[in-house]
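To keep things clear, I will list the structure first and then write my remarks on it.
Residue numbering restarts at 1 for every chain, and letters A, B, ... go by the order of the sequence lines. Since this is a predicted model, take the numbers as computed values, not measurements.
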Amino acid sequence: MVNCIDNSGAAVVECVKVLKMKRHAKIGDRIIVVVQKQRNFGPESGPGGSVSISAANKVRRGDIRHAVVVRTAKKVQRPDGSVVKFDDNACVLINKGGEPIGSRLNSIVGSELRDKKWSKILSLAPMHL
Amino acid sequence: MATSSKSMRSLSCWKQILRQTRAVRQQQFRTLNTTPISISRFPGPPPPGLSRPRASQQDVSNRQPKKMKVYPPPPSARAVCKDPIAAVTESQLGKLDPTRARTRLFTRSNLDAAKVGDILLVRTKNGDDFAGVCLNIRRSGIDTAILLRNNLTRVGVEMWYKIYSPNVEGIEVVQRREKRARRARLYYMRKPKHDVGSVENIVRQYQRQRAMLRSADVKSRDANSTKKKNNKRGSNK
């Protein structure tokens, strides 16, 4: 179960496949997910989210989508020796072409995305570390 | 090769000698029993097969053992450098922390040192500063690292920083813990019950104060102001 941090309408998704590799996914890896829980645009939506209802749910529960991992609870070591660890696992839904489905993200993402050429997601994110 | 062949020959000689002596003894015994004439034959010249190896044996015993060249052992690394790891650490520290400010900030003996539970601010070269509660200090020479925890956009984030890393420009103590932490590792602060949450406000306040202090300092220096003025400013802060 992975949190979905964009305003595509998914709140919790489940990873069913890690693409292009036979191991666990890391930040910046593309995965296939099944939407498990839809975001109800009420009090649960994030602080930076303020998701407008007009940007309604683009995905529904049970949809199979591609996504990019943006945060992992597993420690990630940077080339300079520093290590970053988030409290949760999170992803951002994308379409087959690699464009994010949502139009904004509501929480921090790892800056490993830059190395993996996900600059579009990085620019949408309110913060990266 | 020569020595081995010699040894082999001598061994074979021994075999031969033993065999011959055995034969001679038997013969002697028999001759003693049967014909006394043969005894007179023995004090004479010994049989050629028996004499030769015996002579060679005498030669060997007479000769001095061959002088072997003994080389001194290679110089011990221990004598050159008693504790190479410490030496390397020292040289690395000299390179990465010439003023020893970082070392002092994290030594146990220093009373003003940063401790777990303090809120620390790490300024990095690339401009991404990170502040957080220090959960753990991993002291191991040049690899000494600190674990900081903070909440960014409501997501808990933990970062390990190597304190001697050239990417780390400075480490500041933003706020000290009022009471000394009774644990060395404050991993319990990850639990929601103990989580301090975001420290952004505290850090921002600290930075504002610092900026004010700095600007005041600069102003006083620029204006070459009197001591009285400085005091006034100090009281204002």
Side-chain angles (χ1 to χ4, degrees), chain A residues 1-7 11-12 26-27 39 42-51 68-92 102 104-115 119 121-129, chain B residues 92 96 102 120-138 140-169 171 185 187-201 203:
Chain A
M1 292 291 176
V2 190
N3 290 335
C4 182
I5 60 162
D6 56 12
N7 65 349
V12 178
K26 286 179 279 202
I27 296 181
R39 194 179 289 277
E44 205 182 290
S45 59
S50 64
V51 188
V68 180
V69 178
V70 294
R71 285 201 298 257
T72 55
K74 179 76 186 166
K75 289 174 202 158
V76 181
Q77 187 158 21
R78 303 259 166 91
D80 69 341
S82 64
V83 174
V84 63
K85 169 191 182 302
F86 298 97
D87 273 7
D88 66 341
N89 298 312
C91 69
V92 172
R104 51 176 53 178
L105 310 184
N106 56 23
S107 52
I108 190 165
V109 300
S111 36
E112 274 82 7
L113 290 175
R114 191 184 296 130
D115 315 330
S119 48
I121 294 173
L122 266 181
S123 62
L124 285 176
M127 211 176 183
H128 63 87
L129 188 75
Chain B
Q92 291 286 306
L96 295 170
R102 302 268 173 87
L120 301 184
L121 171 69
V122 174
R123 284 184 289 113
T124 53
K125 277 250 166 72
N126 56 5
D128 300 341
D129 297 359
F130 189 83
V133 184
C134 183
L135 298 192
N136 185 0
I137 301 172
R138 191 186 277 162
S140 59
I142 200 68
D143 290 331
T144 302
I146 51 175
L147 175 63
L148 303 183
R149 182 186 168 83
N150 192 5
N151 271 23
L152 297 170
T153 63
R154 288 196 187 177
V155 177
V157 182
E158 285 177 19
M159 285 284 279
W160 275 104
Y161 278 105
K162 305 277 181 199
I163 65 166
Y164 297 115
S165 164
N167 287 340
V168 173
E169 226 165 35
I171 301 174
R185 324 231 179 282
Y187 290 147
Y188 63 82
M189 292 180 91
R190 288 171 177 163
K191 292 182 185 161
K193 185 185 168 192
H194 299 280
D195 202 348
V196 292
S198 176
V199 298
E200 283 307 297
N201 292 331
V203 172

Can you tell me how far [atom2] of [Y] sits from [atom1] of [X], rounded to the nearest 0.5 angstrom?
| X | Y | atom1 | atom2 | answer |
| --- | --- | --- | --- | --- |
| A/Arg78 | B/Lys162 | CZ | NZ | 14.0 Å |
| B/Asp128 | A/Met127 | CG | CE | 9.0 Å |
| B/Asp195 | A/Asp87 | CG | CG | 7.0 Å |

Shortest non-hydrogen pair, B/Tyr161 vs A/Ser82, comes out as CD2-CB, 4.2 Å
If every non-hydrogen atom of A/Ser107 is compared with every non-hydrogen atom of B/Val155, which pair is closest and at what distance?
CB-CG2, 4.0 Å
Would you call B/Thr153 and A/Asn106 a side-chain contact if the rule is heavy atoms closer than 4.5 Å?
no
Between B/Arg154 and A/Asp88, is the closest basic N to carboxylate O distance under 4.0 Å?
no
For A/Lys74, does the NZ atom have more than 12 heavy-atom neighbours from other residues, nucleotides or ligands under 6.0 Å away?
no
